[in-house]
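Worksheet for the structure shown next.
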Amino acid sequence: MNPYHDAMERCAPDQGLRERLKERVLSSRPERARVYRPRRKKTAVLLLAAVLLLATSATTIWDPLFVRRFGPNAALSALGGAVFQEVDVTSVCDDVSLTVTQALCSDKTIHYILEYRLPEGAPQEGYHFPDLYYYGTGNYTWEELRDKCQDDWSGLDWTTLTSYADYMQSEDNPLQPLRLKRDGGSGSFSGEAEEGVLTFCFSVDAGQGVDLTRQPLTILVTPPYTQTEAGVRTAVTDHPAIVTFQPAYDGPQALSGVFEEAGVKINATLSPFSLALEARGMDYAVYEDMVKDTRLVTRDGQEKAVSLMGFTSGGSGIVDTDSGEAEEVSTTVHFIGLTDPEEFTAIRMGDYEISLN
């Protein structure tokens with residue numbers, strides 16, 4: 001469990017603190033245009049973060065979802081400032097709209113807050129998680145994509161992945177050639193709207209050879225849907241929605257290492273948010289064994305067990321069809337806080353050491 005989260009949940013701000021903090025923070029922030037910014041419930045997490053940030057004369061506040069995930073110390077650190085981006089970009093997509101409010105970004109990983117404004121009269125709760133697709137392009141506006149794809153969209157059932165998955169990967173989808181490779185992703189939301197807006201916290205890990213900051217990022221979101229007890233699904237609208245923005249990052253670049261010798265191949269990529277690992281020929285039965293056997297080496301030669309630095313959201317492997325044994329395993333370890341890649345020079349997996357460059 002995150003001790004900062006537990007501490008923040010027990011905070012009891014005094015009478016009028018919320019208003020005083022709000023006035024002080026807003027007065028120190030530069031003016032900026034925005035289409036809309038739905039009001040969200042304030043919590044002790046936000047209040048504590050505001051207190052800490054005001055103490056350092058900071059002009060931005062991390063979204064409470066980010067503070068819960070990484071802790072207030074991350075928000076106050078130099079690395080936290082390097083990964084933070086105030087986005088506030090809105091795309092109106094006919095009867096719905098998308099807003100990316102904030103992002104935490106490196107060249108290999110992005111966490112972002114996404115707000116989905118529902119159509120007028122839509123239900124306010126009971127929504128299931130939508131699917132997201134990522135493209136490295138700023139070439140299409142919503143109107144251009146809609147006009148090009150509306151006939152195809154009308155024949156899809158947006159409540160069933162099997163209905164639209166083939167289309168998303170086909171030549172009929174003009175965005176498909178620009179789809180970004182990714183290693184994984186995750187997200188969370190309550191399924192309930194506040195003032196007609198669903199708020200999501202998503203993250204995505206870029207695939208090998210992808211730098212998230214090299215080009216605009218277009219996010220396509222399928223319609224959220226509700227489901228009755230009888231199993232009847234209803235999509236909130238009859239089309240997906242897109243929003244495009246330019247991820248920004250002013251911190252250390254990801255470090256990578258490759259080792260290959262006598263049937264053993266190890267790949268590692270270290271970023272401020274995660275460590276991606278892949279091992280072949282190491283006789284690991286499952287990816288958890290690989291993680292337990294991996295350490296990061298600091299500049300003064302000390303080792304940090306990767307298994308104590310974060311968590312995985314799953315992994316994969318290639319199994320030999322004859323022996324049934326795993327030939328290759330891979331996973332991504334997501335750090336609990338932020339990690340500066342420049343603090344480390346190598347990883348050690350078993351008896352092998354792989355330099356990070």
Side-chain angles (χ1 to χ4, degrees), residues 35 85 87-119 127-187 189 198-225 235-249:
V35 177
Q85 182 181 6
V87 183
D88 274 342
V89 169
T90 293
S91 174
V92 178
C93 306
D94 285 353
D95 55 344
V96 302
S97 64
L98 296 177
T99 298
V100 178
T101 60
Q102 294 183 357
L104 303 179
C105 185
S106 73
D107 49 333
K108 300 301 294 183
T109 301
I110 186 167
H111 299 255
Y112 61 96
I113 307 298
L114 180 70
E115 294 177 343
Y116 188 110
R117 178 169 286 279
L118 299 167
Y127 285 98
H128 288 253
F129 209 73
D131 285 305
L132 286 88
Y133 298 84
Y134 299 89
Y135 307 92
T137 177
N139 294 336
Y140 282 93
T141 65
W142 157 251
E143 291 78 12
E144 290 170 338
L145 189 67
R146 176 199 59 195
D147 295 345
K148 202 176 188 71
C149 303
Q150 197 161 35
D151 289 342
D152 292 321
W153 291 348
S154 64
L156 300 175
D157 178 359
W158 291 107
T159 68
T160 305
L161 177 63
T162 53
S163 175
Y164 57 78
D166 289 342
Y167 166 78
M168 288 297 182
Q169 303 177 58
S170 71
E171 296 179 356
D172 295 329
N173 175 12
L175 295 177
Q176 172 56 24
L178 303 163
R179 188 171 177 182
L180 294 178
K181 291 171 58 181
R182 63 176 192 161
D183 289 334
S186 62
F189 85 116
L198 296 173
T199 300
F200 307 81
C201 184
F202 286 110
S203 68
V204 61
D205 300 308
Q208 193 170 12
V210 174
D211 183 339
L212 291 169
T213 64
R214 287 180 182 170
Q215 67 287 299
L217 177 65
T218 293
I219 304 170
L220 184 149
V221 184
T222 63
Y225 66 88
V236 74
T237 190
D238 59 358
H239 59 80
I242 64 168
V243 62
T244 299
F245 70 100
Q246 175 62 58
Y249 172 56

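A quick note: this is a predicted structure, and the numbers were derived from the prediction, not measured.
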How many angstroms lie between atom [atom1] of [X] and atom [atom2] of [Y], to the nearest 0.5 angstrom?
X      : Y      : atom1 : atom2 : answer
Tyr167 : Leu156 : OH    : CG    : 7.5 Å
Thr222 : Leu161 : OG1   : CG    : 8.5 Å
Asp147 : Glu143 : CG    : CD    : 7.5 Å
Asp172 : Lys148 : CG    : NZ    : 11.0 Å
Asp88  : Phe245 : CG    : CZ    : 11.5 Å
Asn139 : Thr218 : CG    : OG1   : 8.0 Å

pair [X]-[Y]: side-chain heavy atoms closer than 4.5 Å:
X      : Y      : value
Leu220 : Met168 : yes
Leu175 : Tyr133 : no
Trp153 : Leu145 : yes
Tyr164 : Pro240 : no

Going by the side-chain contact (heavy atoms from CB on, under 4.5 Å) test, name the single residue among Val243, Thr90, Val100, Thr99 that passes it with Glu115.
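Testing Glu115 for a side-chain contact (heavy atoms from CB on, under 4.5 Å) against Val243, Thr90, Val100, Thr99 leaves exactly one candidate, Thr99.
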Non-neighbouring partners of Arg214 that pass salt bridge (charged side-chain N to carboxylate O under 4.0 Å, His left out), sequence neighbours left out:
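With sequence neighbours excluded, Arg214 shows a salt bridge (charged side-chain N to carboxylate O under 4.0 Å, His left out) to Asp211, given in chain and number order.
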Restricting to salt bridge (charged side-chain N to carboxylate O under 4.0 Å, His left out), what partner residues turn up for Asp94, sequence neighbours left out?
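With neighbours one apart ignored, the set is Arg146.
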side-chain contact (heavy atoms from CB on, under 4.5 Å) involving Ser154 - partner list, sequence neighbours excluded:
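Residues passing side-chain contact (heavy atoms from CB on, under 4.5 Å) with Ser154: none at all.
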For Thr237, all residues meeting side-chain contact (heavy atoms from CB on, under 4.5 Å), sequence neighbours excluded:
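side-chain contact (heavy atoms from CB on, under 4.5 Å) check on Thr237 returns Asp95, Val96, Tyr116, Pro223, His239.
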If only atom types and distance count, is the side chain of Gln246 paired as donor or acceptor with the main-chain N or O of Thr213 below 3.5 Å?
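Yes: the side chain of Gln246 pairs with the backbone of Thr213.
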Would you find a donor on one side and an acceptor on the other, under 3.5 Å apart, between the side chain of Ser91 and the backbone of Ile242?
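Yes; judged by distance alone, with no hydrogens or angles, the pair exists.
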Phe200: partners by ring-ring contact (aromatic ring centres under 6.0 Å, His included), with sequence neighbours left out
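Partners of Phe200 by the ring-ring contact (aromatic ring centres under 6.0 Å, His included) criterion, ordered by chain and then number, come out as Phe189, Phe202.
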Would one find more than 12 heavy atoms of other residues, nucleotides or ligands at under 6.0 Å from atom CD of Gln208?
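Open.
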Which pairs would a plain distance check flag for residues 103-114, meaning a side-chain donor or acceptor within less than 3.5 Å of a matching protein atom at least two apart in sequence or in another chain?
from: Ser106; atom 1: OG; to: Lys108; atom 2: N; distance (Å): 3.2
from: Ser106; atom 1: OG; to: Thr109; atom 2: N; distance (Å): 3.2
from: Asp107; atom 1: OD1; to: Ala254; atom 2: N; distance (Å): 3.4
from: Asp107; atom 1: OD2; to: Ala254; atom 2: N; distance (Å): 3.0
from: Lys108; atom 1: NZ; to: Gly207; atom 2: O; distance (Å): 3.0
from: Lys108; atom 1: NZ; to: Val210; atom 2: O; distance (Å): 3.0
from: Thr109; atom 1: OG1; to: Asp205; atom 2: OD1; distance (Å): 3.1
from: Tyr112; atom 1: OH; to: Tyr134; atom 2: OH; distance (Å): 2.8

